[in-house]
Amino acid sequence: MKTQLQKALKHKQLVTIMYMAKDGSITKRRIKLLSLSAQTFQAYCFTRKAKRTFYIERVLAVVPVVKFERHII
């Protein structure tokens, strides 16, 4: 997971993560990474509309956000 997060931070790409909270509940979050350390990372969470700290070990999946544009012909 850490390499995927590093790549997203390097390219300033939005990602969607599946995250397991301390109580065991699983949430889906759209985030923008701000910084990355050995065990945690800081990101702006669009779900909570705030800057949050996440544990890397609790991230279950990382998916880049891809925007598709529709063209009218």
Student: For Y19, enumerate each residue passing the ring-ring contact (aromatic ring centres under 6.0 Å, His included) test, keeping only those at least two apart in sequence or located in another chain.
Tutor: F54
Student: Under the 4.5 Å side-chain heavy-atom rule for ILVMFWY, direct or indirect, which residues accompany V63?
Tutor: none
Student: Please tabulate, for side-chain N and O atoms in residues 22-38, each donor-acceptor pair with protein atoms closer than 3.5 Å (sequence neighbours left out).
Tutor:
from : atom 1 : to  : atom 2 : distance (Å)
D23  : OD1    : S25 : N      : 3.0
D23  : OD1    : S25 : OG     : 2.8
T27  : OG1    : R29 : NE     : 3.2
S37  : OG     : T40 : N      : 3.4
S37  : OG     : T40 : O      : 3.0
S37  : OG     : T40 : OG1    : 2.9

Student: What residues form a side-chain hydrogen bond (donor to acceptor under 3.5 Å, both in side chains) with K51, not counting sequence neighbours?
Tutor: Q42
Student: With clusters defined by side-chain heavy atoms of hydrophobic residues (ILVMFWY) lying less than 4.5 Å apart, directly or transitively, does L9 cluster with I17?
Tutor: yes
Student: Considering residues at least two apart in sequence or located in another chain, which fulfil the ring-ring contact (aromatic ring centres under 6.0 Å, His included) criterion with Y55?
Tutor: none
Student: Would you kindly confirm whether L14 and V62 end up in one hydrophobic cluster when ILVMFWY residues are joined by side chain heavy atoms under 4.5 Å apart?
Tutor: no
Student: Please, which pairs that meet side-chain hydrogen bond (donor to acceptor under 3.5 Å, both in side chains) have at least one residue in residues 2-18, sequence neighbours excluded?
Tutor: none
Student: Which heavy-atom pair separates C45 from R52 by the least distance, and what is that distance?
Tutor: CB-CG, 3.8 Å
